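Each remark here refers to the structure printed beneath this line.
Being a predicted model, the structure only gives us computed values, none of them experimental.
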Amino acid sequence: MRSTLFLAPLLAAIGGTKAQHGHVEIPEVEEYVSSMLENFGHWTHYPGPSPTYWHHPSPRPTKPVPPRPTDQCDYWLADIKHQGIAAFNPAPQTYQVFRNVKDFGAKGDGVTDDTAAINNAISSGGRLSPAQGGSTTVTPAVVYFPPGVYMINASIIDYYYTQLIGNPNCLPTIRAFATFSGGLGLIDGDQYGANGLGFGATNTFWRQIRNFIIDMTLIPASSSVTGIHWPTAQATSIQNVVFQMSGNAGTQHQGIFIEEGSGGFMNDLIFNGGLNAAAWGNQQFTMRNLTFNNAVTAINQAWDWGWTYKSISINNCSVGLNMSSGGAAAQSVGSITFIDSSISNTGIGILTAHGPDSLPPSGGSLILENVVFNNVGVAVQGEYPTGNTTALAGGSFTVAGWGEGHSYTPNGPQVFQGPITPVSRPAALLQSGGKYYERSKPQYQQYSVRSFLSARSLGATGNGHTDDTAALQKAVLLAKAQDKILFIDHGDYLVSKTIYVPAGSRIVGETYSVILSYGKFFNNMNSPQPVLQLGKPGESGTVEVSDLIVSTQGQQQGAVLFEYNLNSPSSSPSGLWDVHARVGGFAGSNLQLAECPTTPNITVTADNLDQQCIAAFMTMHLTKSSSGLYLENVWLWIADHDVEDPQLRQITVYAGRGLLDQSQKGVFWMVGTSVEHHVKYEYQFANTHTVFAGQIQTETAYYQPNPAAPLPFPYVASLNDPVFPTQTITDGNLTIPAAEGWGLRIVGSNDIGIYGAGLYSFFNNYSTACSNQGAGETCQNHIFEDSDSSSITVYNLNTVGTHYQVNLDGNDIAYFGDNLNGFVDTIALFKD
Ligand SMILES: *[C@@H]1O[C@H](CO)[C@@H](O)[C@H](O)[C@H]1NC(C)=O
Ligand SMILES: *[C@@H]1O[C@H](CO)[C@@H](O)[C@H](O)[C@H]1NC(C)=O
Ligand SMILES: *[C@@H]1O[C@H](CO)[C@@H](O)[C@H](O)[C@H]1NC(C)=O
Ligand SMILES: *[C@@H]1O[C@H](CO)[C@@H](O)[C@H](O)[C@H]1NC(C)=O
Ligand SMILES: *[C@@H]1O[C@H](CO)[C@@H](O)[C@H](O)[C@H]1NC(C)=O
Ligand SMILES: *[C@@H]1O[C@H](CO)[C@@H](O)[C@H](O)[C@H]1NC(C)=O
Ligand SMILES: *[C@@H]1O[C@H](CO)[C@@H](O)[C@H](O)[C@H]1NC(C)=O
Ligand SMILES: *[C@@H]1O[C@H](CO)[C@@H](O)[C@H](O)[C@H]1NC(C)=O
């Protein structure tokens, strides 16, 4: 929008909104976010590809790429037959999942105003609009942009459950006319209405934007304009986008703006020019492979709890990362983990407000590991704006490890600022140049449509009521046998037996195709069965899966949603990208508000617990013989609320275990992963090693301790289940439940590096009274166990609602009150 100060209306709107948190409203968090945004209000005063110095081994297709046919802009997703269906939409026969903007009248000719046509492509078919708010899974859409230059004069309004996808071989440009006006963002991911944000930012799940050039350069430099407005939560991504902004003196352009939410993941972005090329605040995020050229400030960090930046390249800016928001007396940035990155030809590399006297005490926690500074004036400047101390002097050098904040190594708290011993990185996790291996989601753009098979063409229905087990299994095996990529057209594929995915398989869904288990095969707690089995025990080779959800329908007491058995080489690992678990709370799950309401007023016991709402045994199992798996943007969610309910009311669904890693060979990457609301634990590493994980994020089940863990799942020794005490804990006049699920449990393991962790316990028995520093953080006594292990490092451990942040070999250490940091409590550096 033109020369209007966007934040004034924004903040006015926020005043009227209810911040939601942990997927439900929490007044304390609402206040917290508002105060962070007031700091952000400073910004009302102001409202090209660089060489990557590291060389990544190129993505390793498992098979040779066949020569492309005719036109280099051909893209299989455009060419394939479009037959995805929304099974639980009221009109699945007519509802259109795939939409090509040109079919809706967009010209892409660089002249015509395509705003209305694009917005029509997004909104048609009775989809959930931001004006309606709420959320739903029954109106999904892929909105495809062929190559071209799409001129717009007002915002493209993004809807719920939408993937905006450009042609990756010939990136489409979305270019604003000089007269662009009337919106927050060329793409507004969550449009403001009378009641604030359309979709609650922490409930905006399952959406993507990829393969675009967002061009703001026709708009005068002096006008504020935003490329993408993106307040979102888990299972969201922006990938492969170039932001073209004015680099002229006085530029007011910004590439991405985020004010709140519970993210999330982004990768492969290039920002050229701009005042604040990125201006964002959110609970947590993982961001990888971002390049900033010629901005005034590359990243202006409004607020956060934890954030993991990896493979960031900042070139020729005045300020690289400004995390000083709020100033030394009231820092609003909780913590940042910044690794495998470079900052070049920049005045101030990182600007913080942190210093010996800054508040809150753990605010502005910062960890740098493997960061190259090249011709930087000041590498880290502290106590801005009161003292302007040099925390780390400028020049040209490489930082192996550096940080500031509170440490437990393992004794603490110690207050530190300066060099740290970096993680001793296992070679198997690295690519050439010493960075942790990384690999973006394959889009298979180099393959023609002839390299694909469609699940629906092969007889699977995806219609949500036919048993698709045999057809889907046949499709998986046929694709592998023919060396093809299996496209699972959008739909809900009911399966009553395990779907086995052999080594060599490549599978891609369409705006999250759903594999939905049902029936008695998966309903025996004494005989758990995998829904999606990636390799059999002892099998070697690799698989690739993307854009898929695995779910259960109704009671599924023995369902293991993902079982990974493959032994994949570390030099060519298997990968899951944008692959999620979703258990309960959506149409077709039979585990919604009507079936699984919360029961806080009933004391839940083994006798009266609603057995029908036991919906999964375990969500992801990395088995003993498995090795070599790269996970990126993976959210394993047991629903805490009903997504289809206009009021998003809470529900109680039981799932035993989150992500269990028992691999004897190790070698796992967990980039931007999150596990929520299981009974016994979210992440458990047992007798394993060699893991890179960051940012990890968890939430404890909201109903606990009513019932307390481990109800309703009996102890299983072979799974290294934790044992829970039964008594309550008292500390002075505080009463704290002892038996709540672990956020992170590491036992008998070594060489695990956690690069950013948010372990949250917001509720006891559906009340948030316990997640409050003033009231003693009494939702649970401890949330992170490290026992019988070595060479475990956690950077920026952020906890909520937990009395002690760490349990080390059976002893509770790190009392929350020693590490206060805004809404969370933070340990910048933990080493066992
Ligand atoms: C864009 O909208 C403005 C009014 O908001 C109008 O004056 C202008 O002519 C429009 N430009 C185009 C190219 O449609
Ligand atoms: C990083 O992003 C750029 C721009 O999208 C892309 O060309 C490059 O391949 C990415 N690098 C990796 C390692 O994914
Ligand atoms: C560095 O940034 C300045 C200001 O944006 C610009 O004038 C100059 O051309 C840039 N230098 C390079 C090498 O891009
Ligand atoms: C850093 O960010 C804060 C908060 O947005 C702002 O007040 C301050 O002016 C910025 N500093 C610089 C040097 O840009
Ligand atoms: C710190 O630096 C900022 C920006 O250069 C300046 O406005 C401020 O006055 C400085 N503070 C002190 C105490 O020198
Ligand atoms: C539990 O009881 C309280 C107080 O009587 C009431 O306000 C609340 O609605 C009840 N909750 C449920 C889920 O029944
Ligand atoms: C759960 O909370 C309700 C009030 O909302 C209370 O009556 C009940 O005793 C609590 N149960 C447990 C086990 O904490
Ligand atoms: C609990 O004890 C603390 C100090 O130990 C005291 O400040 C607080 O008032 C007490 N709370 C209650 C409800 O007694």
Side-chain angles (χ1 to χ4, degrees), residues 1-14 37 40-47 115 118-119 130 150-158 164 173-193 196-199 201 204 207 209 212-232 236 238 241-248 250-261 263-264 266 269-282 285 287 290 292 295-303 322:
M1 64 186 177
R2 261 176 15 172
S3 53
T4 25
L5 298 177
F6 67 83
L7 268 167
L10 183 66
L11 290 169
I14 283 187
L37 285 165
F40 212 38
H42 293 294
W43 298 359
T44 46
H45 303 309
Y46 350 104
T115 317
I118 293 169
N119 279 331
Y150 298 87
M151 300 301 297
I152 58 170
N153 204 15
S155 293
I156 295 172
I157 305 300
D158 198 9
L164 304 180
T173 298
I174 296 176
R175 179 177 296 155
F177 284 109
T179 49
F180 177 87
S181 69
L184 178 48
L186 271 59
I187 299 176
D188 189 344
D190 197 350
Q191 190 185 28
Y192 275 88
L197 279 173
F199 309 117
T204 304
R207 53 177 10 201
I209 296 177
F212 289 100
I213 296 167
I214 305 287
D215 186 354
M216 295 162 252
T217 54
L218 296 182
I219 297 177
S222 57
S223 298
S224 300
V225 63
T226 296
I228 300 179
H229 172 222
W230 195 243
T232 50
T236 61
I238 301 181
V241 178
V242 180
F243 296 86
Q244 299 289 22
M245 294 169 271
S246 170
N248 294 342
T251 179
Q252 302 296 306
H253 295 184
Q254 61 185 359
I256 299 183
F257 171 66
I258 305 175
E259 65 277 48
E260 60 167 314
M266 293 187 193
L269 308 181
I270 297 172
F271 299 81
N272 294 317
L275 170 60
N276 295 302
W280 44 46
N282 191 290
F285 245 102
M287 295 186 173
L290 315 186
F292 298 87
V296 178
T297 294
I299 303 172
N300 205 335
Q301 189 85 36
W303 69 278
N322 178 355

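The CG atom of D188 sits 9.0 Å away from atom OG1 of T226, with the distance rounded to the nearest 0.5 Å. To the nearest 0.5 Å, atoms CZ (F271) and CD (Q244) are separated by 11.5 Å. Rounding to the nearest 0.5 Å places CD1 of I187 at 7.5 Å from CD1 of I152. Separating the CE atom in M287 from the CD1 atom in I238 is a distance of 7.5 Å, to the nearest 0.5 Å. Note that CD1 of I299 is 6.5 Å distant from CG of L290, once rounded to the nearest 0.5 Å. In this structure, the separation between OH on Y150 and CD1 on I213 is 12.0 Å, given to the nearest 0.5 Å.
Partners of A298 under the side-chain contact (heavy atoms from CB on, under 4.5 Å) rule, at least two apart in sequence or in another chain, are F292, I314, C317. In terms of the side-chain contact (heavy atoms from CB on, under 4.5 Å) criterion, residue partners of T236 (sequence neighbours excluded) are, by chain and number, R207, W230, T232. Checked against side-chain hydrogen bond (donor to acceptor under 3.5 Å, both in side chains), T115 has the following partners two or more places apart in sequence or in another chain: D113. Remark: N248 engages A221, S246 in a side-chain contact (heavy atoms from CB on, under 4.5 Å) (not counting sequence neighbours).
Side chain to side chain, H229 and E259 meet the donor-acceptor criterion of an N or O pair below 3.5 Å. In this model, no donor atom of one side chain and acceptor atom of the other lie less than 3.5 Å apart for Q252 and S224. Side-chain contact of T297 with N322: a donor-acceptor pair under 3.5 Å is absent, judged by distance alone.
Residues L184 and S155 have side chains not in contact (no heavy-atom distance under 4.5 Å, counting atoms from C-beta outward). Counting heavy atoms from C-beta outward, H253 and I219 have side chains that approach closer than 4.5 Å. At least one side-chain heavy atom of L186 sits under 4.5 Å from a side-chain heavy atom of F180. For the pair D158 and D190, the minimum side-chain heavy-atom distance is 4.5 Å or more. Looking at heavy atoms from C-beta onward, I256 lies in side-chain contact with W280 at the 4.5 angstrom threshold. Side-chain contact between Y192 and L197 is present, with at least one heavy-atom pair separated by less than 4.5 Å. Side-chain contact check for N119 versus I156: some heavy-atom pair is nearer than 4.5 Å.
Sorted by first then second residue, the salt bridge (Lys or Arg N to Asp or Glu O under 4.0 Å) pairs that include residues 173-184, not counting sequence neighbours, are R175-D215.
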Where do F243 and M216 land on the side chain to side chain contact (heavy atoms under 4.5 Å, CB included) test, with the steps shown first?
CA-CA 8 Å; F243 296 86; M216 295 162 252; 4.2 Å; yes

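No side-chain donor-acceptor contact under 3.5 Å links N276 to the backbone of Q254.
In this structure, P130 and I157 approach most closely via the heavy-atom pair CG-CG2, 3.6 Å. Annotation for A277 and A295: closest pair CB-CB, 3.9 Å, computed over non-hydrogen atoms.
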